[in-house]
2 protein chains.
Amino acid sequence: MFSNSSKYAIKAVLYLSLHSSESRKVMVKDISNPINVPQAYIAKLLQELVKEGVVSSTRGPKGGFFMNEHNNNEKVIRILDIIDGEKKLTNCMLSLESCNEDKPCPLHAILGPSRQNILKVLNENSIVDLALSVRKGTAFLPL
Amino acid sequence: MFSNSSKYAIKAVLYLSLHSSESRKVMVKDISNPINVPQAYIAKLLQELVKEGVVSSTRGPKGGFFMNEHNNNEKVIRILDIIDGEKKLTNCMLSLESCNEDKPCPLHAILGPSRQNILKVLNENSIVDLALSVRKGTAFLPL
DNA sequence: AAAATAATATGATAAAAATCATTTTGGGCT
DNA sequence: AGCCCAAAATGATTTTTATCATATTATTTT
């Protein structure tokens, strides 16, 4: 469904959303361990996310990664778009050039609606929304 | 969403469902071209499908691949299970061991239902169903 | 200004997926 | 029986994804 990298990225962002703030930055080594992802790997992913404005960071002593208001309000789909590429979730399920809503391939025909729904949900839910569901106890970690 | 291999496999099976029968077998080279997949590659995939009873074949002169009644009535999901592995579509979207229906991870919580729906559709629709949709003109190729 | 710290950039290695090529086996034909 | 055809089996290569390691740059503290 999603790539390993995307899963890692989501876990990291979720962790930051729950445990960081402008005044409470967290270093890679303190992220990689709790979310169970190799440090060098998650570092690289985080950098991409920072570049795209989904995560914030400052370097030097007392530096680290964190989520500010703006970051927290980004939609979940942005992470997937950045890490896996935008088309991953939208292009034809048989990779047919000519497949579209009007002339769908057989697979598109039967599971187009489900896919649309996934897209919708990912476009509507922001990162805080997920974090909040954990805080409220409707969703669970550990990462 | 699906792996390249799965897409290829579905295309091949669909092609066979539309163009073959017990009395009209078709050779790999005559499949690979129309579905636009390298011959050696699709040959390998077809062999796996034959082994699992989703496709039929006979070798020697006048031999080739084909779909019989039984093959045509297999559900689409079987192809995915065989090529990508059963868990690909069912396991946690964050790869968390402890994620399940009762204690879902945040992602599971928001797009579990969509996924369930995809599973349902793939479990209900058989290969002929897809072929039929093409014959009736509600779905379209070319592959 | 220098030293220490932590992200950033770059790139090397490893593992998995996709692609390609060769040999072997079984079934029909003469 | 021997020959030919086409799938089956095996495995080599290439590409992509995942993982790891090192050097560089920015910031803070002394």
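Protein chains get the first letters and strands the later ones, always in sequence-line order, with residue 1 at the start of each. All values below come from the heavy atoms of this structure, side chains included, with hydrogens, waters and symmetry mates left out.
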Checking all strands, does Lys44(A) fall into the base, sugar-phosphate, or nothing category for heavy-atom contacts under 4.0 angstrom?
-> base
If you take all heavy atoms of Leu111(A) and Met93(A), which pair is closest and at what distance?
-> CD1-SD, 2.8 Å
Is there side-chain contact between Val37(B) and Lys11(B), with at least one heavy-atom pair below 4.5 Å?
-> yes
Going only through I, L, V, M, F, W and Y residues with side-chain contacts under 4.5 Å, is there a path from Ile31(A) to Val134(A)?
-> yes
Separation of atom CD in Gln47(A) from atom C1' in dA6(C), rounded to whole Å | 11 Å
Atom-pair distance (CD on Gln39(A); C1' on dT8(C)), nearest Å = 14 Å
So which protein nitrogen or oxygen atoms get under 3.5 Å of nucleotides 28-30 of chain C's nitrogens or oxygens?
none

Could you state the CD1-P distance from Ile42(B) to dA18(C), rounded to the nearest angstrom?
-> 12 Å
Can you check whether Leu107(A) reaches Ile10(B) side chain to side chain, under 4.5 Å on heavy atoms?
-> yes
Nearest to the side chain of Val28(A) - dA21(C), dA18(C), dA7(C)?
-> dA7(C)
Return all side-chain donor-acceptor pairs below 3.5 angstrom for residues 39-67 of chain B, not counting sequence neighbours, or 'none' if the list is empty.
unit_1, atom_1, unit_2, atom_2, d
Tyr41(B), OH, Ser5(B), OG, 2.5
Ser56(B), OG, Asn68(B), ND2, 3.3
Ser56(B), OG, Asn71(B), OD1, 2.5

Tell me, please, the opening and closing nucleotides of DNA chain D, 5' to 3', among those with an atom under 4.0 angstrom from a non-hydrogen atom of chain A.
-> dA18(D) to dT28(D)
Return the value, rounded to whole Å, for the distance between atom CZ of Phe66(A) and atom P of dA6(C).
-> 15 Å
Tell me yes or no: between the side chains of Ser6(A) and Asp84(A), is some donor less than 3.5 Å from an acceptor?
-> yes
Find which nucleotide of DNA chain D each of Ser5(A) and Lys29(B) is nearest to by heavy atoms, and output the residue with the more 5' nucleotide.
-> Lys29(B)
Glu48(B) has an atom CD; how far is it from atom C1' of dA18(C), in whole Å?
-> 13 Å
Hey, are Ser114(A) and Asn117(A) close enough side-chain-wise for a donor-acceptor pair under 3.5 Å?
-> no
Is it the case that one hydrophobic cluster holds both Leu94(B) and Phe140(A), taking links as side-chain heavy atoms less than 4.5 Å apart, direct or via other members?
-> no
Taken to the nearest whole Å, OH/Tyr41(A) to P/dA15(C) is 14 Å
Separation of Asp84(B) atom CG from dA18(C) atom C1', in whole Å?
-> 12 Å
Closest heavy-atom pair and its distance - Pro113(B), Ile110(B) = CD-O, 4.3 Å
